[in-house]
Amino acid sequence: MKDQPPRTTPSRYPKRAHHDAATIYPILDEALFCTMSFVWEGRVRSIPQSIVRVGDAVYFHASVGSHFFRSLAQLDEVCITVMLADDIVVAKTAFEHSINYRSVVVWGKPEVIEDHDEKYAAFKELTEKMVPGSWDYLIPMTDKEMAKTLAIKVPLTEASAKIRQGPPSPHESEREVWTGLIPIKPLRGAAVAGPGAEGIELPLHLRGRRVE
Ligand SMILES: Cc1cc2nc3c(=O)[nH]c(=O)nc-3n(C[C@H](O)[C@H](O)[C@H](O)COP(=O)(O)OP(=O)(O)OC[C@H]3O[C@@H](n4cnc5c(N)ncnc54)[C@H](O)[C@@H]3O)c2cc1C
C-alpha cells in the first residue's frame, strides 16, 4: 500500500491517518460489517454488507438475484467503509465531544470471483469470522448453494485507516465539568437456541465467545 494517492489522506487530522497493512488489516478483520457505496445510473447507492478479508482483498457475498450485486460486477469503483466505535468522548464542552474510533476506507474495483476454490475459501472465511470454529461443525456447503451465490472481491490496493483514541482534549476553562469516556464496545451475548435446537447440546465453539 505504498505511494498512496492524495485521496486517501484526510484533510482533517491527517496525523490520525494510516496507510499500512499492519494498521488497516486488523480493523477490517474485527469489523463484521461494512457499508459499500457506489454510483449506479447517476445515483449514489450505499448498502450495508458483511465483509471478510482474505489476504490482500476483501470479499462479499449475495444471492445471484441481487440487483445490488449484479450492479457491482459492472462498476469501475466502489468505496467501502468500516468503523469500530470504542468510546464516546465526553468533554467539557459540547463542541469538543468526540468518538474514539478505528475506521477504514477502501477504494477499489469489484471483481466477480469465478474460481471455485477461491469462492469456497471466501465462504469459509466469512463463516468462520461470523461464528468462529463453526465451519467443520456445519453441514458442508453444496455446489448448488455455491451456484446460487455471487461472490465479489475488492483488492486492497488503495485504503486508509483513521484512528482516534484517548481522553478528551484539555480545555482552558477551570470550571469543574466531568469529562471522560463512555465505552461502547459490542458484546456477543449467550447463544439462544432456534426452533428445533432446544434439546441439542450447545457446541463448544458457541460457548462464551465475546466480540473483543
Ligand atoms: C464513529 C465515527 C464518528 C465520527 N464522527 C465525526 C463527526 O461527528 N464529525 C466529523 O467531522 N468527523 C467525524 N468522524 C471522522 C470522519 O470519518 C472524517 O474523518 C472527518 O469528517 C474528516 O474528514 P475529511 O474532510 O478530513 O476527509 P476527506 O478529506 O474527505 O477524506 C479524504 C480521504 O481520507 C481518508 N479518510 C477520511 N476519514 C477517514 C476515516 N474516518 N477513516 C479512514 N479513512 C478516512 C479516506 O481515504 C478519504 O477518502 C467520525 C468517524 C467515525 C469513525
Side-chain angles (χ1 to χ4, degrees), residues 1-40 42-60 68 71-72 75-111 126 129-130 152-173 177-189 210-212:
M1 245 166 273
K2 289 175 185 163
D3 304 317
Q4 288 287 319
R7 71 169 175 175
T8 57
T9 303
S11 48
R12 294 276 297 141
Y13 298 108
K15 284 185 183 162
R16 292 181 182 169
H18 305 260
H19 298 98
D20 57 305
T23 306
I24 292 170
Y25 286 11
I27 298 171
L28 291 172
D29 292 348
E30 191 173 329
L32 292 176
F33 314 113
C34 70
T35 303
M36 186 181 285
S37 305
F38 55 96
V39 176
W40 180 252
R43 299 191 71 183
V44 175
R45 316 278 169 131
S46 200
I47 309 283
Q49 278 285 308
S50 302
I51 181 171
V52 66
R53 180 189 67 84
V54 184
D56 295 322
V58 280
Y59 289 78
F60 308 89
F68 158 63
S71 312
L72 283 184
L75 290 173
D76 286 333
E77 184 171 77
V78 294
C79 183
I80 300 151
T81 61
V82 307
M83 68 97 182
L84 304 167
D86 296 319
D87 309 283
I88 295 169
V89 180
V90 182
K92 279 193 175 182
T93 63
F95 179 78
E96 287 171 318
H97 275 51
S98 189
I99 306 282
N100 280 339
Y101 64 83
R102 294 161 288 145
S103 57
V104 168
V105 173
V106 175
W107 302 84
K109 178 167 173 43
E111 296 169 28
L126 181 63
K129 183 178 185 183
M130 294 293 158
I152 295 250
K153 78 170 171 183
V154 176
L156 288 166
T157 49
E158 196 179 6
S160 58
K162 197 173 170 192
I163 299 176
R164 196 253 186 236
Q165 297 289 302
S169 310
H171 190 274
E172 60 193 18
S173 169
V177 179
W178 189 93
T179 63
L181 302 177
I182 302 172
I184 49 173
K185 291 187 195 306
L187 287 178
R188 272 183 201 228
R210 285 163 179 262
V211 176
E212 297 300 342

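Keep in mind that what you see is a predicted model, and the values were worked out from it rather than measured. One-based numbering, in listed order, for ligands and for the atoms of each.
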Selected option - heavy-atom contact closest to atom 22 (C) of ligand 1, from His97, Arg102, Lys162: Lys162
Asp56 side-chain N/O to Leu156 backbone N/O, donor-acceptor pair under 3.5 Å: no
Polar side-chain atom of Lys129 near backbone of Ala31 as donor-acceptor pair, under 3.5 Å: yes
N/O donor-acceptor pair under 3.5 Å between His171 side chain and Thr93 backbone: no
Option with minimal heavy-atom separation from atom 50 (C) of ligand 1, where the choices are Tyr13, Tyr101, Trp107: Tyr101
Sidechain-backbone polar pair: His18 side chain, Asp20 backbone, donor-acceptor under 3.5 Å: no
Quick one: side chains of residues 43-50, donor-acceptor pairs under 3.5 Å with protein atoms, not counting sequence neighbours, listed by atom name and distance.
from, atom 1, to, atom 2, distance (Å)
Ser46, OG, Ser37, OG, 2.9

Which segment of Thr81 sits under 4.0 Å of ligand 1 when only heavy atoms are counted: neither
Proximity of Arg164 to ligand 1 by residue part, where a heavy atom lies under 4.0 Å: neither
Atoms of ligand 1 close to Met83 [distance to a heavy atom under 4.0 angstrom, numbered from 1]: 1 (C), 53 (C)
Part of Ala161 within contact of ligand 1 (heavy atoms, under 4.0 Å): backbone
